Structures are given as structure tokens and as C-alpha cells.
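Single-structure report; data block below.
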Amino acid sequence: MQFSIEREIFLKALARVQGIVEKRNTIPILSNVLIDAADDGLVITATDLEVGMRATYPAEIRNGGKVTANAKKLFEIIKELPDDLVHFQSKENCWIEISCGKALFNIVGLAADEFPYFPEVERCQFIDLPSSSVATMLEKTAFSMSNDESKYNLNGIFFQALETDGNLMLRLVATDGHRLSLVEQPLETPAGDELLKGVIFPKKGVFELRKIADDGEAPIGLGFLENNAIVRKDDTVIAMRLVDGEFPDYSRVIPQEQDIKAKIPREQFFHALKRMAILSSEKSRGVKLTLTGGSLEISSSNPDLGDAREDLAADYAGQDIAIGFNARYLLDILQVHKGEEVELQIKDNMSPGMIRPVDDRHFLAVVMPMRL
Amino acid sequence: MARDERTILHCDMDAFYASVEQRDNPDLSGVPVLVGGDRKRGVVCACSYEARPFGVRSGMAMARALQLCPQARVLPVRMERYRQVSERIFEIFHQYSDLVEPLSVDEAFIDVTASRRLLGDGPEIAASIRQTVRDELDLPVSVGVAPNKFLAKLCSGEAKPDGIHVLETGDVEGYLAPLPLGRIWGLGPRGVEKLRRHGCRTVADALRLTPDRLRALFGVQGDRLYNLLRGQDDRPVDPGRERKSVGAEETFMTDLVDLQDLERQLWRLADQVSRRARRLGLGGTVVTVKLKGADRTVRTRSHSFSEVVDQAEPMVAWAQSQLADLVGGQPVRLLGVYLAGLAPVSQLGLFARDERRRKLDRVRDSIRDRYGERGLTRASLIGLSGSVQRQADGVEDGD
């Protein structure tokens with residue numbers, strides 16, 4: 001196997017897989033990238049058995065063949081090479097020779113046939129989604145995913161196709177058990193069984209999907225194969241193993257009837273919360289929201305530091321109520337909103353509160369209160 | 001005692017570890033008992049009063065202690081058990097005042113000034129505490145009663161074993177004067193030596209040193225020493241010695257290599273830690289796993305949760321993901337789990353399932369409070385053995 005490739009292209013290819021390869025050295029082959037000099041270019045594959053990426057790059061192929069090399073070391077080497085053109089050649093016993101200008105590296109790889117299986121995506125049926133809308137939907141939900149590894153069914157985003165008001169919608173839901181966010185968008189093409197039933201994309205796959213959605217205008221193809229979600233964009237394919245678990249019945253925790261409703265200017269709400277959060281307890285991050293006619297008071301106190309409060313005008317005419325929330329949960333929501341105003345809906349201080357943009361019915365966030 | 005004076009108690013359990021052992025095993029009563037490490041290399045952590053006439057003291061090498069008192073029974077340290085008993089002792093202390101300052105598992109200051117009106121004067125309260133501890137736990141405790149912490153601590157030493165010693169303000173000077181300087185709190189061998197070079201051996205000798213002189217010798221501590229020599233100590237009893245973490249660790253009979261064995265030990269430790277946190281009404285934000293290899297090197301790794309955690313599951317889930325890497329193929333001698341960043345769990349959960357899990361924890365806790373660790377365990381932990389401590393505690397026989 002022998003090929004030449006532009007350094008910049010090779011470098012970008014390797015940079016993209018750094019987040020995918022296994023960092024802990026438990027199974028050595030998973031720290032490697034598979035380099036395949038094929039007829040139509042150089043195919044680079046990386047996987048940690050949960051999320052994998054395969055992409056094709058232009059290269060001048062002299063002899064076909066495959067080999068694997070340590071992704072991190074290879075990236076470090078290519079990054080520091082002196083010239084624009086890199087020559088790559090595999091030798092006996094998986095030795096690899098890399099030359100560029102006057103620099104010469106010999107590194108030892110592992111045999112390509114040890115590399116894990118990657119789904120054959122040619123058999124997959126895709127539906128197309130605009131990259132920009134995928135990016136927006138992920139932005140509005142990803143922050144609510146759980147980081148608690150014991151709640152594996154919450155370590156991802158739930159994707160579901162369903163009909164609302166006669167329109168087929170793609171809905172994304174994420175929750176960590178304390179807060180939840182939901183976003184939906186019309187789906188142009190009919191969805192397959194997987195989406196109609198609903199599937200959980202793993203957290204790591206969500207990060208990779210966000211990256212690829214942000215990278216260029218081309219549409220994203222989404223398909224399913226052998227318990228994997230397959231994402232395709234240009235010459236890149238990402239395969240991620242769907243989370244094998246049941247997503248909780250989220251519809252039950254989305255409040256239906258809530259009497260207390262206040263409209264609050266988003267920017268002001270956000271900045272006031274940020275200020276008040278400074279004096280909240282570092283561990284619980286609790287702030288107190290007090291609604292009275294025409295205003296919202298946010299306050300915080302910390303036995304070691306002191307206390308703070310701030311008033312803002314709010315469109316509210318109901319009874320007085322005080323409720324505690326984790327400031328970070330509220331800030332996360334307000335940060336991904338783009339509208340002028342949000343509506344805060346509450347039932348009482350032990351039931352979930354809901355925040356949604358006044359001008360967008362396709363996004364909502366639910367937050368469980370804290371005991372005051 | 002005058003009304004405007006404070007009444008401070010210093011309560012100190014007598015030969016605590018050894019007393020617990022003697023109480024738990026009637027065969028040991030009246031017999032010299034040494035609690036501590038290995039017969040050859042260990043140190044005496046506690047010795048019963050029966051061992052003391054032979055010259056045995058805690059802190060002494062076990063081998064030396066056994067030369068002095070060869071008939072002594074040697075028992076391993078059952079920290080878990082002592083901690084359990086200690087919790088009950090402190091519950092009793094708290095019945096007499098909110099101002100309880102723990103110094104260790106078996107020792108505390110109690111400011112009973114405000115309790116006097118209701119419960120009687122210092123000596124009466126001290127007697128009542130001693131009686132309650134005796135009735136409920138069948139353990140001896142010595143109590144010093146004095147107007148401040150420094151004197152109360154001296155008095156409890158005086159009261160031992162199993163007694164009360166009361167010091168009235170008027171008697172302070174006379175009591176302190178003949179004491180060797182080594183008895184003054186905070187004055188170590190070097191300080192004593194410094195004062196000896198100035199011709200002082202007793203408190204009475206040192207009374208002639210001016211504050212300036214003491215400051216020149218001891219820096220800022222000089223002022224405090226000047227007051228202590230005169231029996232004056234205005235430091236408050238501070239109950240806010242806040243707990244920074246809860247933890248549990250386990251040393252194994254034989255070093256563990258198998259990851260599955262380690263995971264089961266991990267579950268048991270995390271169960272203990274989470275239960276301890278819940279008992280305090282707290283959860284934590286930082287979990288740490290500690291591991292000691294066969295070569296005695298210690299490795300630790302920590303993880304911050306994005307929320308306050310008081311359940312075993314998230315701790316184990318994270319620790320499991322780290323275990324293979326932390327172990328690195330080395331045999332493991334000791335495993336520990338700690339939870340820090342303690343705070344109340346005030347965040348409510350969205351899903352009924354989480355609330356059910358919390359309820360389950362509460363039920364499990366109450367069963368274990370009532371029937372001990374054998375009352376309820378995870379099926380996966382049945383028959384789990386190999387712990388040095390638990391073997392000694394007798395809770396490890398495979399049921």
C-alpha cells in the first residue's frame with residue numbers, strides 16, 4: 001500500500017477522528033485509525049464500538065491496501081510535518097513509513113483485519129434533513145442529556161417521528177431526570193419504523209452529529225441499520241449504536257394545565273439569573289423566583305457569602321408565589337432561546353415548571369423545582 | 001458555679017475500642033485486651049484498663065505490649081463497629097445540648113451553660129450523661145466539668161477511669177500550679193524544653209513569665225499560652241466542625257485481581273457511603289475512588305457530578321467505568337469510596353421512578369438501622385467475603 005496526500009487534507013481527516021478513538025488503552029486497536037487506500041480515494045475509519053466515523057478523502061493512490069495506526073500519534077506527526085505533500089507506505093509486519101520533505105518516520109501499526117466491523121451503509125435508506133435545522137434542534141436539547149452513567153437511557157437524545165395537528169414532525173427530547181427539553185420540526189419525507197417507534201442517540205454520537213451538522217450546508221442523510229443510526233453528509237458517514245433502553249414516558253411530565261403564567265423578557269431574565277447565581281450555593285445552585293403582580297424577583301443566599309436580589313418587570317397578574325430552581329437549568333434554557341420573550345408556567349412549588357418562547361410553539365423546556 | 005460562667009463538659013470514652021470489644025464479647029471482660037494491628041508489626045490503638053498495670057499504653061508497638069503483658073488478648077480494629085457505637089454516643093450527647101464539638105469518635109466538648117436551668121448544674125448533667133451512656137450502651141465514659149474547654153479536658157483526664165472530675169473557678173489556680181508544663185494543651189516536648197531552659201518545670205514556675213517574654217518564645221501562640229497558664233480559655237465550643245466527606249474503605253484478606261470481585265466490593269462500599277450520606281440528610285457532588293495496590297502504592301481518581309448525589313448507583317456507574325484503568329492489572333489490597341462536596345439534596349425529580357427509588361432507599365436504610373448489615377443486602381453481594389475487617393466483625397459468613 002502506497003499513497004501521497006496533501007498534508008492539510010490528511011491533518012483534517014485525522015483531527016475529525018480524535019474525539020472518536022478510545023482514549024483509555026483497554027483495547028489497543030480502538031486507539032487506531034483504519035487507513036484504506038481504495039480506488040476512489042483514501043478511506044479513513046475510526047470507532048470505539050459505540051460511535052464510528054468513515055470518510056473518504058482525495059489522495060493519489062499508487063498501490064491499494066489497508067493498515068491501522070495509532071490515531072493520536074499519527075495526528076501529532078502529520079501536524080508537524082514540514083512540507084505540503086505526505087508520502088505514506090506500508091511495509092512488512094504492519095510497519096508504516098511516512099515521509100515528507102526531509103523528515104522520515106517509521107511507526108508500527110496493527111493489522112487491518114483486526115479492526116472492528118463497520119456497518120455497510122450502502123444497504124441503508126436515508127431521509128434528508130437540512131444541516132442547519134439538525135444543528136438547531138440539537139442545540140436546543142443536548143444540554144438536558146444526563147451525565148449520570150447509571151441512567152444510561154437518559155445519556156442521549158430521543159428521536160421520534162410523530163403526527164401533531166395533521167403534520168408529520170421530527171421531535172427530539174432530552175432529559176436528565178430533573179429537567180427536560182423538547183423541540184420539533186416538520187418532517188418532509190415519510191419516516192421509517194425506527195423513528196416512528198422512537199430511538200435514543202447516544203451522547204457521544206450526538207456530539208459528533210452536532211459537529212458534522214455545523215460543518216457545511218449539504219443536507220444530512222439519516223438512516224438506520226442493525227441497531228445503529230447512520231448519518232451521512234458529503235463523503236462522511238457516522239454510525240452510532242443506539243442506546244439499548246427505554247426512554248421514559250416524557251409526555252406525562254409535560255404539564256398540561258398550569259394557572260400561573262408570566263411573560264418575561266428573555267435577555268433581562270438571563271442576565272439577572274446570571275448575577276443572582278453568583279451567590280447561590282455552589283453545589284445546589286438554587287435561586288428563588290418570586291412572582292407578584294407585574295414583577296419577578298430573583299434572589300439567592302449563601303450562608304458563607306451573603307445574599308442578593310433583583311426585580312424585573314414581568315407580565316403577570318396572578319397570586320404571589322415563590323419557587324426555587326437550579327439557576328443553571330434556567331440559564332441553559334434561556335441561552336438556547338432566540339426570541340424576545342419567554343413564558344414561565346407554574347402550578348405550585350412542588351410541580352414541574354415550564355418555560356417556552358412566546359413566539360415558538362415547537363420548543364419547550366420543563367424544570368423540576370428545588371425545595372426552598 | 002456563678003451564673004455568668006460557662007459550664008463546659010469534656011466527655012471521653014474510656015479505652016473506647018477495647019471497651020466496645022469487651023462489651024460485645026463478655027468473655028473478654030476483666031481480661032487485658034489490646035486492640036490494634038498485627039502482633040509483630042502493629043501498634044496498640046487501645047488497651048483495656050486491665051492491661052494498664054502492666055505498663056501497656058496506646059500507641060505502643062504491639063510486640064512491646066505483648067512482652068509486658070503476654071496474656072493479653074489481641075483484637076483487630078473494627079472501625080466500622082466503633083463508628084456505629086460512636087454515632088449513638090453522640091446522639092446521647094446531643095440530648096443535653098446543641099453545642100457539641102466532636103474531637104474524635106469517642107471524645108467531645110459539650111457546652112451545657114444554657115441547659116443548666118433545665119437539667120441541673122454541671123456535675124448533675126455530667127452524672128446524667130454517664131448514667132445514660134452506661135444504661136444504653138453499657139460503656140464507661142469519663143467527664144471533666146469546668147468553666148472552659150482547656151480545663152474541662154484536663155479534668156476528664158483526672159476523672160479517668162469511669163469517673164467525674166469537677167473544677168470550680170476558685171480552685172483553678174491551686175489545681176494548675178503544681179502541674180508539669182507538658183499537661184498544658186498545645187505545649188509539645190519542644191515547648192516544654194524551651195520553658196525548661198528558662199527554669200520552668202511547672203505551671204507555677206511559668207507564671208512569672210511576662211506576655212512579652214512568652215511572645216518572644218512562642219510568637220503569636222505566646223498570648224494564648226499566657227492565658228492558659230492562668231486557666232483562662234475563651235474559645236467557644238464549636239459544633240460547626242463541618243463534615244467534609246463521607247467514605248468507606250476495605251482491606252482484603254487476599255489481594256483482588258478479578259474486576260468482577262472488585263465491582264462487587266465497590267457496590268458494597270458505595271452502599272455504605274450513600275447510606276451514611278443519607279443518614280446525615282446530605283448528598284455529595286464529588287466521588288473519589290481510592291485503590292491501594294499490592295505494592296502499597298495508592299491511586300485515587302475523582303469525578304464531579306452535575307448534581308448532588310446520595311445514591312449508590314451513580315457512584316458505582318462512574319467508578320466501574322474507571323476501574324479497569326485504575327487497577328491496571330495490579331492486584332488490589334485496599335479499595336475505598338468517598339463522597340465529598342456535601343450538600344442537602346433539594347432538587348426534586350421529574351419522574352415517578354426516581355421518587356420510587358428514593359423511597360426504596362429509605363426503606364432499605366430503616367431495615368438496616370434496625371437489623372444491621374445482615375438485615376438486607378443486594379443479591380449480588382450474598383456470600384461476598386474476603387474483607388479483613390468484616391471477617392473480624394463477624395458479619396462475613398456467607399449468608
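Chain identifiers are assigned alphabetically (A, B, ...) following the order of the sequence lines, protein sequences preceding nucleic acid strands; residue numbering begins at 1 within each chain. Because the structure is predicted, anything quoted here is derived from the model rather than measured.
- Of the atoms belonging to Val309(B), not a single heavy atom falls under 4.5 Å from chain A.
- Using a 4.5 Å heavy-atom cutoff, the side chains of Arg353(B) and Pro248(A) are not in contact.
- Neither the backbone nor the side chain of Gln320(B) has a heavy atom closer than 4.5 Å to any heavy atom of chain A.
- One N or O on the side chain of Arg371(A) and one on the backbone of Val345(B) form a donor-acceptor pair closer than 3.5 Å.
- Interface remark: Phe305(B) contributes no atoms to any contact with chain A (heavy atom separation under 4.5 Å).
- Interface residues of residues 254-262 of chain A toward chain B, defined by a heavy-atom distance below 4.5 Å: none.
- Looking at Ser304(B), neither its backbone nor its side chain comes within 4.5 Å of chain A, counting heavy atoms on both sides.
- The closest donor-acceptor contact from the side chain of Gln347(B) to the backbone of Met368(A) lies under 3.5 Å.
- Heavy atoms closer than 4.5 Å to chain B are found in the side chain of Thr175(A), but not in its backbone.
- Within the 4.5 angstrom heavy-atom criterion, only side-chain atoms of Gln322(B), from C-beta onward, approach chain A.
- If you measure heavy-atom distances from Tyr329(A) to chain B, the contacts under 4.5 Å come from the side chain alone.
- When side chains are defined from C-beta on, Ser306(B) counts as touching Arg328(A), because their heavy atoms get closer than 4.5 Å.
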